[in-house]
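The figures here come from the full heavy-atom set of this structure, side chains too, leaving out hydrogens, waters and symmetry mates.
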Amino acid sequence: MQRLNHILRGPGPRGLPPLWLSAVIVSLALADVFYTVFTIIELIAYPPPVDWNLFVTAADRISHGVDPYGFAVAGEAYRWSPVAAWIFVPISWLGPLLWRILHVAAALALPDRRLALLTLVSWPFWFDFATGNVMVGVLLLAVYALRGSRLAALGFLAMTLLVPRPLMLPVAAWLLWKRPDLRWSALALFVAHTVGVLAVGWGGEWLARLAQTPTTQLGIPFDVGPSRLIGSLWVPIGLALAAWFTWRGRLGFASLVASPYWLPYYLMMPFLEIRRWYLRPMPVPERTD
């Protein structure tokens with residue numbers, strides 16, 4: 001038994017991780033390969049991007065004065081801001097093929113080649129690619145915002161308003177906490193978005209849809225998180241963990257656990273934990289003596 005404990009807990013040969021950790025890494029890698037291949041096969045067999053079609057339909061409806069929240073595509077409902085629906089009107093002209101090409105471009109635009117490669121070979125990215133969602137864009141903005149880009153930080157905060165998801169709140173809170181220079185601009189974005197919602201209408205319908213979202217998404221077939229097993233009990237646990245991870249600066253983990261449910265493309269957010277791949281090293285002060 002002592003020999004077994006030594007093997008499981010002790011470091012591997014030549015500084016490699018412990019055997020149990022290596023087994024976990026290999027298992028996750030094999031699962032990633034399996035689900036990535038499965039998603040690509042589904043992409044070939046069923047090419048229409050569900051989320052893209054959802055956004056395009058919402059944009060078409062709002063541009064014709066029709067309630068963008070009064071429909072569903074493949075059982076999915078539109079949950080973005082009504083302002084986002086208007087923004088998507090010109091974007092819908094791109095078509096699904098170019099939209100998916102932009103997903104690849106966003107992954108390649110990540111500041112570190114290792115992070116870009118990890119993203120491109122991951123199942124969460126291909127799920128995002130297949131459905132036509134925007135999570136790779138959220139990851140891109142988060143990475144550059146945490147590197148210090150003011151434009152990316154404001155872009156991320158704007159996305160938090162337009163595409164409100166609990167998993168975006170830890171990074172948004174961290175930016176406003178650690179970078180006071182963003183606060184007035186963030187307030188201006190909030191006011192502008194609020195005025196925009198009042199101007200285009202459908203604000204009440206949007207808030208009602210947001211209130212319904214947790215109850216309609218918890219435990220769905222695509223939910224790969226703890227709520228699939230323990231239901232709404234995960235919500236207070238996840239929020240407590242998110243607050244602790246945010247306090248510790250572990251924003252990738254905080255983002256994931258903050259979500260009541262985990263859709264597959266949400267699993268890109270823990271890539272933020274590999275900070276040495278994208279954060280600039282702190283400058284070493286020169287000696288003066």
S.K.: Distance-only, no hydrogens or angles: does the Arg150 side chain make a donor-acceptor pair with backbone N or O of Gly148 under 3.5 Å?
M.R.: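 Side chain of Arg150 to backbone of Gly148, a donor-acceptor pair under 3.5 Å: no, none is there.
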
S.K.: Can you check whether Ser227 reaches Trp262 side chain to side chain, under 4.5 Å on heavy atoms?
M.R.: no

S.K.: Can you confirm whether Met135 sits close enough to Arg165 that some side-chain heavy atom of one is under 4.5 Å from a side-chain heavy atom of the other?
M.R.: yes

S.K.: Do Phe55 and Trp99 have ring centroids that are under 6.0 Å from one another?
M.R.: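 Trp99 vs Phe55: aromatic centres not under 6.0 Å.
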
S.K.: Would you indicate whether the side-chain heavy atoms of Leu176 and Leu157 approach each other to under 4.5 Å?
M.R.: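 Heavy-atom side-chain distance check passes, below 4.5 Å.
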
S.K.: Measuring from Thr119:OG1 to Trp126:CH2, what's the distance to the nearest 0.5 Å?
M.R.: 12.0 Å

S.K.: Please work out whether the ring planes of Trp80 and Tyr78 are parallel, tilted or perpendicular, with thresholds of 30° and 60°.
M.R.: tilted

S.K.: Are Val134 and Tyr265 side-chain neighbours, meaning at least one heavy-atom pair lies under 4.5 Å?
M.R.: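 Val134 does not reach Tyr265 side chain to side chain.
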
S.K.: Which heavy atom of Gly95 sits nearest a heavy atom of Trp52, and at what distance?
M.R.: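 Distance-wise, the nearest heavy atoms are C-CZ2, 3.5 Å.
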
S.K.: Name each donor-acceptor pair under 3.5 Å that joins a side chain in residues 232-247 to protein atoms two or more places apart or in another chain, with its distance.
M.R.:
| unit_1 | atom_1 | unit_2 | atom_2 | d |
| --- | --- | --- | --- | --- |
| Trp234 | NE1 | Ser259 | O | 3.2 |
| Thr246 | OG1 | Ala242 | O | 2.7 |

S.K.: Do Val66 and Phe88 sit in the same hydrophobic cluster, where Ile, Leu, Val, Met, Phe, Trp and Tyr count as joined when their side-chain heavy atoms come under 4.5 Å apart?
M.R.: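 No, separate clusters.
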
S.K.: When rounded to the nearest 0.5 angstrom, what is the spacing between CZ in Arg114 and CZ in Phe271?
M.R.: 14.5 Å

S.K.: Scan for ring-ring contact (aromatic ring centres under 6.0 Å, His included) pairs involving residues 156-176, sequence neighbours excluded, and state none if there are none.
M.R.: Trp174-Trp177

S.K.: Please report the shortest heavy-atom distance between Gly249 and Arg275, naming the atom on each side.
M.R.: O-NH1, 3.2 Å

S.K.: State, with a plain yes or no, whether a side-chain heavy atom of Pro124 is found less than 4.5 Å away from one of Pro264.
M.R.: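 Answer no - side chains too far apart.
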
S.K.: Measuring from Leu256:CG to Met268:CE, what's the distance to the nearest 0.5 Å?
M.R.: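 Reported value, rounded in 0.5 Å steps: 12.0 Å.
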
S.K.: Taking the side chain as C-beta and beyond, is there a heavy-atom pair between Val171 and Ser255 under 4.5 Å?
M.R.: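 A side-chain contact under 4.5 Å exists here.
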
S.K.: Examine the side chains of Asp223 and Tyr261 and answer whether a donor and an acceptor come within less than 3.5 Å of each other.
M.R.: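 Tyr261 and Asp223 do not have a side-chain donor-acceptor pair below 3.5 Å.
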
S.K.: Is a side-chain donor-acceptor pair under 3.5 Å present for Asn133 with Tyr266?
M.R.: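 The answer is no; no qualifying pair exists.
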
S.K.: Taking the side chain as every heavy atom from C-beta outward, state whether Tyr278 and Leu110 have any pair of such atoms under 4.5 Å apart.
M.R.: no

S.K.: May I ask whether Trp184 and Leu189 are part of the same hydrophobic cluster, defined by side-chain heavy atoms of I, L, V, M, F, W, Y residues being less than 4.5 angstrom apart, directly or through others?
M.R.: no

S.K.: Heavy atoms only: give me the nearest Glu273-Leu251 pair and the separation to one decimal.
M.R.: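 Closest pair (atom of Glu273, atom of Leu251, distance): OE2-N, 3.3 Å.
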
S.K.: Can you tell if the side chain of Val136 reaches within under 4.5 Å of the side chain of Leu140, non-hydrogen atoms only?
M.R.: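 The answer is no, as the side chains (C-beta and beyond) never meet within the 4.5 Å cut-off.
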
S.K.: In residues 192-200, what donor-acceptor pairs under 3.5 Å come from side-chain atoms, sequence neighbours left out?
M.R.:
| unit_1 | atom_1 | unit_2 | atom_2 | d |
| --- | --- | --- | --- | --- |
| His193 | NE2 | Ser81 | OG | 2.8 |
| Thr194 | OG1 | Phe190 | O | 2.8 |

S.K.: What I want to find out is whether Arg276 reaches Asp112 closely enough, with some N-O distance under 4.0 Å, to be called a salt bridge.
M.R.: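 Answer for the salt bridge query: no.
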
S.K.: Where is the tightest heavy-atom contact between Met168 and Val163, given as atom of each residue plus distance?
M.R.: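 Taking every non-hydrogen atom into account, SD-O, 3.4 Å.
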
